[in-house]
Participant: 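Supplied in structure tokens, the structure appears directly below.
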Amino acid sequence: EGVHCGDDVAKKIPSAIMLSGDMPNPNSFPFKTASFTIDDGTTIEIGEDLMKRALQYSETSGIPELLSWLKDLQKSLHNPPTANYSPDQGQMEICVTTGSQEGLCKVFDMLVNPGDNVLLDDPNYTGTLAALKALGANIVRVPSDKSGIIPKALKDILFKWRPENGKKPKFLYIIPNGSNPAGISLSTDRKKEIYQLAREYDFLIIEDDPYYFLQFVKTKAPTFLSMDVDGRVIRSDSFSKIISAGLRLGFLTGPKPLIDRIVLHMQVSTIHTSTFTQASDLDLLQTNGLILVVEFYRAQRNTMLAAADKWLKDLADWYVPTAGMFLWIKIKGISDTHQLVMEKALEKGICLVPGRGFHRDSSEPSPYVRASFSFASPIQIDQAFQKLAELIRENMKC
């Protein structure tokens, strides 16, 4: 796989004299061992032999042991129908990426030509909007409400599609749990309706689910991947929210013909995700399993909701997020929050994000602000919302 084939030869023929490889000699690497202490006091050791491998080039799609662990994870969590398909039928395949953003960008690069139509709900993640606009995609806005994309509205768009609108949409991009910025999660019924529309109108679903493990519900709704009988879902997962954002580890799950194309792209760009990161995270996962942090984020969410009820009740509206890290707040009596957030809020020492940047047309006025409950302390959240309430009243008087 890829250009670093000498290592494969060495494994198959241990007695071979290696003159073909283009890998550096591991004896020249300065780091010999490493150890990590995790929250429960457990120490993870990376010995000299493993360190030589962790600092070396590796397979583009991911180190085999991690890929195996991830495939078992996806089967246990989602039981994808495609897991038992043949490769040409769209067999489930996985590749490890340098964070989920790299994977998504490579998915978009693979699928989008200038002028192609793609389906998104509005508001949406700024990184996705920027990536699609850069590729020349025509973003078709799908109406949504407090429960996410409205299937009937999606069907109306597709049913009324005419040749003068261009080619039919290639895919629907969706964050199904705790969407950024609105904090919305799709119900099981809506997912089923949307998947059936994908079958009827023949488009792919890009399921970007970084907040899957940050769901504040007893029973998680089934994923699009779990419904995928056709091999039309590409799912993006991330360890950024539950292990580390800085280690940059994500993975894509989807039909083998498409994942193989992404791997080819990686071979001529990033080559592979950091072997050291993969080996370190694999050791952690094999030792401790997934370290779930959902209770921390649930408490943070509840703190922010209490502060909102205390200070913003008559000044703003919001939905209770059932997943993720964000509260999407609609300020009453203010048509556009951009100046309020970017100038006046900063003067009061509050950092928020104005709503307009999350819309397809970022020049459109937006009465919304996004507040994240991931980082600030309970005292800071309360103080920030008190200041925000003061600021809204001052602005409404002007």
Participant: Should Arg248 and Glu102 be marked as a side chain to side chain contact (heavy atoms under 4.5 Å, CB included) after you check the CA-CA gap, both sets of side-chain angles, and the distance that decides it?
Facilitator: CA-CA 9 Å; Arg248 308 306 302 131; Glu102 186 208 10; over 6 Å; no
Participant: Would you check, one step at a time, whether the test side chain to side chain contact (heavy atoms under 4.5 Å, CB included) holds for Leu352 with Ile329?
Facilitator: CA-CA 11 Å; Leu352 297 158; Ile329 304 169; 5.8 Å; no
Participant: For Phe358, enumerate each residue passing the ring pair (Phe, Tyr, Trp, His ring centres under 6.0 Å) test, keeping only those at least two apart in sequence or located in another chain.
Facilitator: Trp328
Participant: Could you tell me whether Lys348 atom NZ has more than 12 heavy atoms of other residues or ligands within 6.0 Å of it?
Facilitator: yes
Participant: Check whether any side-chain heavy atom of Leu186 lies under 4.5 Å from a side-chain heavy atom of Ile174, and answer yes or no.
Facilitator: yes
Participant: Roughly how far apart are Ile259 CD1 and Ser61 OG, rounded to 0.5 Å?
Facilitator: 10.5 Å
Participant: Taking it one step at a time, do Lys133 and Ile139 satisfy side chain to side chain contact (heavy atoms under 4.5 Å, CB included)?
Facilitator: CA-CA 8 Å; Lys133 288 177 181 178; Ile139 296 172; 4.1 Å; yes
Participant: Looking at every heavy atom in both Ser226 and Pro81, which two are closest together, and how far apart are they?
Facilitator: O-CD, 3.5 Å
Participant: Heavy-atom distance under 4.5 Å between the side chains of Phe36 and Ser280, does that happen here?
Facilitator: yes
Participant: Determine whether Tyr201 and Ile205 fall in the same hydrophobic cluster, where Ile, Leu, Val, Met, Phe, Trp and Tyr are linked whenever their side-chain heavy atoms lie under 4.5 Å apart.
Facilitator: yes
Participant: Do the side chain of Tyr195 and the main chain of Val229 share a donor and acceptor less than 3.5 angstrom apart?
Facilitator: yes
Participant: Counting C-beta onward and ignoring hydrogens, is there a side-chain heavy-atom pair between Ser236 and Leu252 closer than 4.5 Å?
Facilitator: yes
Participant: Would you say that Arg53 contacts Ile63 through its side chain, given a criterion of any heavy-atom pair below 4.5 Å between the two side chains?
Facilitator: yes
Participant: Measure the spacing between CG of Asn180 and CD1 of Ile175 and express it to the nearest 0.5 Å.
Facilitator: 5.5 Å
Participant: Taking the side chain as everything from C-beta on, heavy atoms only, tell me whether Arg190 gets closer than 4.5 Å to Ile150.
Facilitator: yes
Participant: Can you see whether Ser187 engages Asp189 through a side-chain donor-acceptor pair at a distance of less than 3.5 angstrom?
Facilitator: no
Participant: Treating Lys170 as the side-chain partner and Leu111 as the backbone partner, does any N or O pair qualify as donor plus acceptor under 3.5 Å?
Facilitator: yes
Participant: Set out, in order, the CA-CA distance, both residues' side-chain angles and the distance that settles salt bridge (charged side-chain N to carboxylate O under 4.0 Å, His left out) for Arg298 and Glu295, then state yes or no.
Facilitator: CA-CA 5 Å; Arg298 187 198 307 274; Glu295 292 306 321; 3.1 Å; yes
Participant: State which residues pass ring pair (Phe, Tyr, Trp, His ring centres under 6.0 Å) with Tyr85; sequence neighbours excluded, sorted by chain then number.
Facilitator: none
Participant: Considering the options Thr126, Asp121, Thr128, which one meets the side-chain hydrogen bond (donor to acceptor under 3.5 Å, both in side chains) requirement together with Asn124?
Facilitator: Asp121
Participant: Show your working on side chain to side chain contact (heavy atoms under 4.5 Å, CB included) between Gln278 and Ser58 and close with a plain yes or no.
Facilitator: CA-CA 10 Å; Gln278 293 185 66; Ser58 63; 4.2 Å; yes
Participant: Tell me whether Leu258 shares a hydrophobic cluster with Met227, the cluster being built from Ile, Leu, Val, Met, Phe, Trp, Tyr side chains joined at under 4.5 Å.
Facilitator: no
Participant: With a 4.5 Å cut-off on side-chain heavy atoms, are Leu66 and Asp281 touching?
Facilitator: no
Participant: Check the hydrophobic clustering (I, L, V, M, F, W, Y; side-chain heavy atoms under 4.5 Å; chains of links allowed) and say if Trp311 and Ile392 are grouped together.
Facilitator: yes
Participant: Count the heavy atoms belonging to other residues, nucleotides or ligands that lie under 6.0 Å from CG of Asn25, then report whether that count exceeds 12.
Facilitator: yes
Participant: Do Tyr173 and Leu119 share a hydrophobic cluster (ILVMFWY, side-chain heavy atoms under 4.5 Å, transitive)?
Facilitator: no
Participant: Identify the heavy atoms of Gly90 and Thr82 that sit nearest to each other, and give their distance.
Facilitator: O-CB, 3.5 Å
Participant: Is a side-chain N or O of Thr42 found less than 3.5 angstrom from the main chain of Ile38, in a donor-acceptor match?
Facilitator: no
Participant: Can you tell me how far apart CD1 (Ile184) and CD1 (Ile149) are? Round to the nearest 0.5 Å.
Facilitator: 9.5 Å
Participant: Compare every heavy atom of Pro151 with every heavy atom of Leu197, then report the nearest pair and how far apart it is.
Facilitator: CD1-O, 3.5 Å
Participant: Can you name the nearest heavy-atom pair linking Asp283 to Glu45, along with the distance?
Facilitator: OD2-O, 3.5 Å
Participant: With hydrophobic residues grouped by side-chain heavy-atom distances under 4.5 Å, do Ile350 and Phe326 end up in a single group?
Facilitator: yes
Participant: If the threshold is 4.0 Å, N to carboxylate O, is there a salt bridge linking Lys332 and Asp317?
Facilitator: yes
Participant: Just wondering, do Leu214 and Val293 contact through their side chains at under 4.5 Å, heavy atoms?
Facilitator: yes
Participant: Any pair with a residue in residues 233-242 that passes salt bridge (charged side-chain N to carboxylate O under 4.0 Å, His left out), sequence neighbours left out, goes on the list, sorted by first then second residue, please.
Facilitator: Glu207-Arg235, Asp209-Arg235, Arg235-Asp237
Participant: Could you check, using the six-membered ring where one of them is a Trp, whether Phe251 and Phe239 have ring centers closer than 6.0 angstrom?
Facilitator: yes
Participant: Would you call Lys152 and Asp156 a salt bridge, using N to O less than 4.0 angstrom?
Facilitator: yes
Participant: Give a yes or no on whether the backbone of Pro181 and the side-chain of Ser179 come within a donor-acceptor separation of less than 3.5 Å.
Facilitator: no
Participant: Does some side-chain heavy atom of Leu55 sit less than 4.5 Å from a side-chain heavy atom of Pro24?
Facilitator: no
Participant: Taking all heavy atoms of Ser185 and all of Ala323, pick out the closest pair and write down the distance.
Facilitator: OG-CB, 3.7 Å
Participant: Without swapping roles, check the side chain of Ser76 against the backbone of Leu73 for a donor-acceptor pair under 3.5 Å.
Facilitator: yes
Participant: Which pairs pass ring-ring contact (aromatic ring centres under 6.0 Å, His included) with one or both residues in residues 137-162, sequence neighbours excluded?
Facilitator: none
Participant: Within a reach of under 6.0 Å around CZ of Phe29, are more than 12 heavy atoms found that belong to other residues, nucleotides or ligands?
Facilitator: yes
Participant: If I compare all heavy atoms of Pro26 with all of Lys32, which pair ends up nearest, and what's the gap?
Facilitator: O-NZ, 4.4 Å
Participant: Is it the case that over 12 heavy atoms from other parts of the model lie below 6.0 angstrom from the NZ atom of Lys192?
Facilitator: no
Participant: Atom CD in Glu59, atom OG1 in Thr275: separation rounded to 0.5 Å?
Facilitator: 8.5 Å
Participant: Would you say the side chains of Thr98 and Thr270 form a donor-acceptor pair under 3.5 Å?
Facilitator: no
Participant: Within this structure, what is the CG-CG distance for the pair Leu132 and Leu135, rounded to the nearest 0.5 Å?
Facilitator: 6.5 Å
Participant: For the CG atom on Asp72, are there more than 12 heavy atoms of other groups (residues, nucleotides or ligands in this structure) within a distance under 6.0 Å?
Facilitator: yes
Participant: Any chance CZ of Arg261 has more than 12 other-residue heavy atoms, nucleotides or ligands included, within less than 6.0 Å?
Facilitator: no
Participant: Where the side chain of Arg232 meets the backbone of Ala198, is there a donor-acceptor pair that is under 3.5 Å apart?
Facilitator: yes
Participant: Name all residues meeting the ring pair (Phe, Tyr, Trp, His ring centres under 6.0 Å) criterion together with His78; count only those two or more places apart in sequence or in a different chain, and write none if there are none.
Facilitator: Tyr212
Participant: How long is the straight-line distance from CZ of Arg301 back to CE of Met304, given to the nearest 0.5 Å?
Facilitator: 12.0 Å
Participant: Per the ring-ring contact (aromatic ring centres under 6.0 Å, His included) rule, what does the pair list look like for residues 371-392, sequence neighbours excluded?
Facilitator: none
